[in-house]
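Worksheet: one structure, shown below.
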Amino acid sequence: MSSRISDWFKERLGLDDLPFFRTPDYMYKVDYWLGALVAAAFIYTVISGLILLLYYNPEAGYSSTEFIINKVPYGSVVLYSHLYGAYAMIILAYVHMFRNYFAGAYKRPRELLWIVGVIMLVLTLGASFLGYSLIGDALATSAVDVGEGIISSVPGLSIFIPILFGNYDAGDYGRVLAWHIILVALIGLLFAFHFFLAEHYGMMPSRKVKDKVPAVYTKEEWQKFNPWWPRNFVYMMSLVFLTWGFILIIPNALAYLNGLPQQLNPFLNPKPAPPPNSPAAAHITTYPPWFFLFLYKIADFTSDVLVFLFIGVIIPLLYLIIVPFLDRTPYLHPLKRKVFVGIGILMITYLIQTTIWGDLTPGIQIPVSQQILVYLPPAVITALGLAVIRPKEDKGGMIKGTISPIMALVFVVVTSLFIAAGATFLANPTLITAGVLIPFAGIFILTTKKMAPVALRAEAQNQKVISEEVSRVPEWKKKLAEAMIAILFIFAVILASQLWIIPSTGYLSNLFGIDLGLIFLMLGEAISLYHYVVYRK
């Protein structure tokens, strides 16, 4: 049955004639498909945004937002998940970008693919900021005030404020909504171009296969791999449903949390803050959306807006755009590109450090000596670490003792959180800060212990992976997977039958989002198991 449906689509759409990338077996892993996760978050955010457009009135932003949450059937489910769809897109875009950065995926012939991706990330941040501003609460209006202040501080740019924000201060958000839609449309256009380039060049081959540029499979090699249709489509749909599931579950579950600490509000609270002119607004600390907290903190480093823009925006962005032309080494392995790897590690470390710093001490001026105290140690540790590592090569010239880019990212994040928790404890030694530091210290130690043996036995693991690829999956595992598909389907049907009795508005309405998210998760996992049963040999 499924074969007949697949053949029907293949014939009607001419899928065999499309120049899409044929994929080898070893690439059916999530870290090769991070771009698909970003696309899934983007598609969900666009769909939910179009639904919100039916009800949102830009001439009454805050009351319109409240109307959607309280009066529109399942309006809070759509609004909160729209917000977290954008959050997921930002996080996944960062992970996707830095994974490709450490893999050397910006090198020839993928320079243009990389540059378009960086521009899409900038547009995503801009569209998210404008979408955040449409809520019209005290935090959004404060963020817009900060944005207007930065622009007006640059000579000659004040004329762009009415073009960008219109009559925002008077409660008219029509211009902001228009720019929000324009930027999303631009992201969509660039996404189509980005997707075309990605399919044209194909996914980055493993370094065991091609360790130098240009890292692309030849047409002759392509012909040996799996056709794009239907296997890639099936695998991609499993990732899409899993992504949508988390986008729905997380914000609708968080909607039931009350009384979050101030430091967690920028990251976890999907509900709007009080309106800007209400008495309650005077009792909250204003801060920008979490994805701009790092810029908010950098603004505390200097009173000169131009210096702030160079440090926080222009230099990092310019570096990311021209890095394909700066890194001229033909090698892809991170240990053969130590300077650029070091810069990448520091960019992630500083991004996380500064974001947490902005959350803990919003709007507090920071002297230069304290800036050096915070930013110098990671630079020294990174430089010493990369200088000390002496990679060994086997007879084929491959470096032994490697780790995956994802694991390296996890290690960087854990290390940054540990450093931030330690600095907070030293600055304010209380039971609470100690309670935060101890678990982070434990996670850091466990991660470090895990990294060391992985690095030492990496070569053996690589050989094991190869042997697993050629070994056949036992039949009993496939039978077990088929049984799990049936169980997931039964649970999904039970949950779907419960959706219709959940109130469409009010306190319980967010259960609809949680249930629907669970159904998506089960569908995603069931499709993943189907992929395992049908395509794994």
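Being a predicted model, the structure only gives us computed values, none of them experimental.
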Going through the distances and angles, do Val323 and Tyr101 end up as a side-chain contact (heavy atoms from CB on, under 4.5 Å)?
-> CA-CA 9 Å; Val323 70; Tyr101 179 90; 4.1 Å; yes
Step by step, would you call Phe20 with Phe195 a side-chain contact (heavy atoms from CB on, under 4.5 Å)?
-> CA-CA 10 Å; Phe20 286 168; Phe195 177 77; 3.9 Å; yes
Steps toward side-chain contact (heavy atoms from CB on, under 4.5 Å) verdict (Phe165, Val144) = CA-CA 8 Å; Phe165 298 107; Val144 170; 3.8 Å; yes
Stepwise, does the side-chain contact (heavy atoms from CB on, under 4.5 Å) test hold for Leu521 with Leu488?
-> CA-CA 9 Å; Leu521 282 185; Leu488 287 171; over 6 Å; no
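For Lys210, the salt bridge (Lys or Arg N to Asp or Glu O under 4.0 Å) criterion is met by Glu221, not counting sequence neighbours. Under the salt bridge (Lys or Arg N to Asp or Glu O under 4.0 Å) criterion, Glu482 pairs with no residue at all, not counting sequence neighbours. In this structure, Tyr296 has no ring-ring contact (aromatic ring centres under 6.0 Å, His included) partners at least two apart in sequence or on a different chain. Shown here are the salt bridge (Lys or Arg N to Asp or Glu O under 4.0 Å) partners of Arg231, two or more places apart in sequence or in another chain: Asp25.
Smallest separation of non-hydrogen atoms from Ser206 and Tyr26: N-OH, 2.9 Å. Of all heavy-atom pairs spanning Ala281 and Ala138, the tightest one is CB-CB, 3.9 Å. In this structure, Ala93 and Val38 approach most closely via the heavy-atom pair N-CG2, 3.7 Å. Of all heavy-atom pairs between Val234 and Tyr530, the closest is CG1-CD2, 3.9 Å. Considering all non-hydrogen atoms of both residues, Leu332 and Ala215 come closest at CD1-CB, 3.5 Å. Heavy atoms only, all atoms of each residue included: Leu139 and Ala273 are closest at CG-CB, 3.7 Å.
The aromatic rings of Tyr256 and Tyr507 sit perpendicular, their planes meeting at an angle over 60°, well past the 30° parallel limit. His531 and Tyr28 have tilted rings, their planes meeting at an angle from 30° to 60° on a 0 to 90° scale. Ring orientation note: the planes of Trp228 and Phe233 are tilted relative to one another, at an angle of 30° to 60°. Relative ring orientation between Tyr217 and Phe21 is described as parallel, the plane-to-plane angle staying below 30° on a 0-90° scale split at 30° and 60°.
With hydrogens and angles disregarded, a donor-acceptor distance shorter than 3.5 Å links the side chain of Ser63 to the backbone of Ala60. Put simply, the side chain of His96 never gets that close to the backbone of Leu34: no donor and acceptor are under 3.5 Å apart. In terms of modelled atom types and a separation under 3.5 Å, the side chain of Lys478 and the main chain of Arg536 share a donor-acceptor contact. One N or O on the side chain of Trp244 and one on the backbone of Ala40 form a donor-acceptor pair closer than 3.5 Å. Side-chain atoms of Arg110 come within 3.5 Å of backbone N or O of Gly202 as a donor-acceptor pair. Side-chain atoms of Tyr168 come within 3.5 Å of backbone atoms of Ser133 as a donor-acceptor pair (strictly under, hydrogens ignored).
Within the 4.5 Å cutoff, the side chain of Val30 has heavy atoms near those of the Leu37 side chain. Between Ile69 and Pro272 there is a side-chain heavy-atom pair separated by less than 4.5 Å. For the pair Leu293 and Phe267, the minimum side-chain heavy-atom distance is below 4.5 Å. When side chains are defined from C-beta on, Tyr106 does not count as touching Asn100, because their heavy atoms never get closer than 4.5 Å. Side chains of Ser76 and Ser509 form a contact here, defined as non-hydrogen atoms less than 4.5 Å apart. The closest side-chain heavy-atom distance from Tyr87 to Trp290 is below 4.5 Å. Using a 4.5 Å heavy-atom threshold, the side chains of Thr141 and Thr286 count as separate. Proximity of Lys271 to Pro251: side-chain heavy atoms (C-beta onward) are nowhere separated by under 4.5 Å.
Within a 6.0 Å sphere centred on CE of Met484, heavy atoms belonging to other residues, nucleotides or ligands number 12 at most. Within 6.0 Å of atom OH in Tyr535, more than 12 heavy atoms from other residues, nucleotides or ligands are found, so the atom counts as buried in its surroundings. Annotation: Phe246, atom CZ; neighbour count of heavy atoms from other residues, nucleotides and ligands within 6.0 Å does not exceed 12. With a 6.0 Å radius and a threshold of 12 heavy atoms from other residues, nucleotides or ligands, Trp179 has its CH2 atom at or below the threshold. The neighbour count for Phe489 CZ, taken as heavy atoms of other residues, nucleotides or ligands under 6.0 Å away, does not exceed 12.
Between the CZ atom of Phe98 and the CD1 atom of Ile345 there is a distance of 11.0 Å, given to the nearest 0.5 Å. Note that CH2 of Trp500 is 11.5 Å distant from CG of Asp515, once rounded to the nearest 0.5 Å. Taking CD1 of Ile250 as the reference point, atom CG of Leu268 lies at 9.5 Å (rounded to 0.5 Å). Note that CG of Leu186 is 6.5 Å distant from CG of Leu189, once rounded to the nearest 0.5 Å. Within the model, atoms CD1 of Ile494 and CD1 of Ile490 stand 7.0 Å from one another, a figure rounded to the nearest 0.5 Å. To the nearest 0.5 Å, atoms CG (Leu164) and CG (Leu130) are separated by 8.0 Å.
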Kindly list each side-chain donor-acceptor pair under 3.5 angstrom involving residues 111-125, sequence neighbours excluded, with atom names and distances?
{"unit_1": "Trp114", "atom_1": "NE1", "unit_2": "Leu320", "atom_2": "O", "d": "2.6"}
{"unit_1": "Thr124", "atom_1": "OG1", "unit_2": "Met120", "atom_2": "O", "d": "2.7"}

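Sorted by first then second residue, the side chain to side chain donor-acceptor pair (under 3.5 Å) pairs that include residues 38-59, not counting sequence neighbours, are Tyr44-Ser81, Ser48-His82.
Side-chain contact of Tyr84 with Asn252: a donor-acceptor pair under 3.5 Å is absent, judged by distance alone. Judged by distance alone, the side chains of Asn226 and Thr23 never bring a donor and an acceptor atom under 3.5 Å apart.
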